[in-house]
Amino acid sequence: MRYLLLIYTDENSTEQATPDDVARISRAHSETIEDAVRRGVLVGLDKLKPTVTATTVRMDTSGALITDGPFAETKEQLAGYYMIDCADLDQAIEWAKRIPTGCQPGEGCIEIRPIQEIRKPSGLGK
């Protein structure tokens, strides 16, 4: 089953990270990614640009309202994701524990969401 591991973190705290912290987190991500590829569970991953680059589309009776920035003010912002293919939730949890960003108290969290399979238009992959 495929799972999306959503990485939430406080953008302000990541901007204040020391070069050593950035290097440590980058190394830990690289090690996790390499291991996930080696074990054949990694489907995809990406880091998201900061929320100041976001555009939100809200629909109402008069049409679309387009605004800059995220939909809601939150303490933690979606920073990126890993998509993995695991046997079960327990295995997904073990992978989530390895993601270094947002894993410390007060720094964010990793949200695990199972992917509900839908019929895809012809020509699209998995």
Side-chain angles (χ1 to χ4, degrees):
M1 172 167 226
R2 289 183 302 152
Y3 293 88
L4 204 54
L5 308 181
L6 301 167
I7 304 166
Y8 289 92
T9 191
D10 179 351
E11 287 179 347
N12 295 325
S13 69
T14 58
E15 291 171 2
Q16 298 167 3
T18 67
D20 286 344
D21 288 338
V22 171
R24 177 184 51 78
I25 290 168
S26 180
R27 255 191 325 275
H29 273 292
S30 293
E31 291 168 4
T32 301
I33 292 164
E34 289 170 14
D35 194 26
V37 168
R38 206 173 19 256
R39 294 173 187 234
V41 300
L42 186 64
V43 176
L45 69 126
D46 278 300
K47 179 179 179 179
L48 300 178
K49 291 189 177 189
T51 55
V52 297
T53 66
T55 300
T56 299
V57 178
R58 291 185 183 102
M59 298 300 293
D60 64 18
T61 56
S62 63
L65 174 63
I66 313 299
T67 56
D68 292 336
F71 178 73
E73 292 294 323
T74 61
K75 183 178 176 185
E76 298 165 350
Q77 295 79 32
L78 181 60
Y81 69 90
Y82 284 53
M83 183 184 293
I84 57 175
D85 194 354
C86 295
D88 55 31
L89 178 59
D90 290 335
Q91 188 181 26
I93 290 170
E94 291 306 310
W95 282 104
K97 289 178 183 178
R98 295 184 60 183
I99 296 174
T101 305
C103 295
Q104 301 301 316
E107 289 184 9
C109 66
I110 308 299
E111 178 182 346
I112 301 171
R113 299 279 299 272
I115 294 175
Q116 181 175 342
E117 301 294 333
I118 61 172
R119 187 178 77 75
K120 306 240 182 342
S122 60
L124 286 182
K126 252 183 158 179

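All values below come from the heavy atoms of this structure, side chains included, with hydrogens, waters and symmetry mates left out.
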Using the test side-chain contact (heavy atoms from CB on, under 4.5 Å), find all partners of [X] that sit at least two apart in sequence or belong to another chain.
X    : answer
A87  : Q91
S62  : D60
L78  : L6, Y8, L48
I118 : K120

| task | Let me see the working for R2 and E117 under salt bridge (Lys or Arg N to Asp or Glu O under 4.0 Å), right down to the final yes or no. | result | CA-CA 9 Å; R2 289 183 302 152; E117 301 294 333; 3.0 Å; yes
| message | Under a 3.5 Å distance rule, please check whether D85 uses its side chain to pair with a backbone N or O of V41 as donor and acceptor. | response | no
| field | With Y82 via ring pair (Phe, Tyr, Trp, His ring centres under 6.0 Å) - residues at least two apart | value | H29
| Any chance the side chains of D35 and T32 put a donor and an acceptor closer than 3.5 Å? | no
For [X] versus [Y], what's the shortest heavy-atom pair and its separation?
X    : Y   : value
C86  : W95 : SG-CD1, 3.9 Å
A79  : T9  : CB-CG2, 3.6 Å
I112 : A96 : CD1-CB, 3.7 Å

| task | For residues 40-65, pull every pair meeting ring-ring contact (aromatic ring centres under 6.0 Å, His included), keeping only residues two or more places apart or in separate chains. | result | none
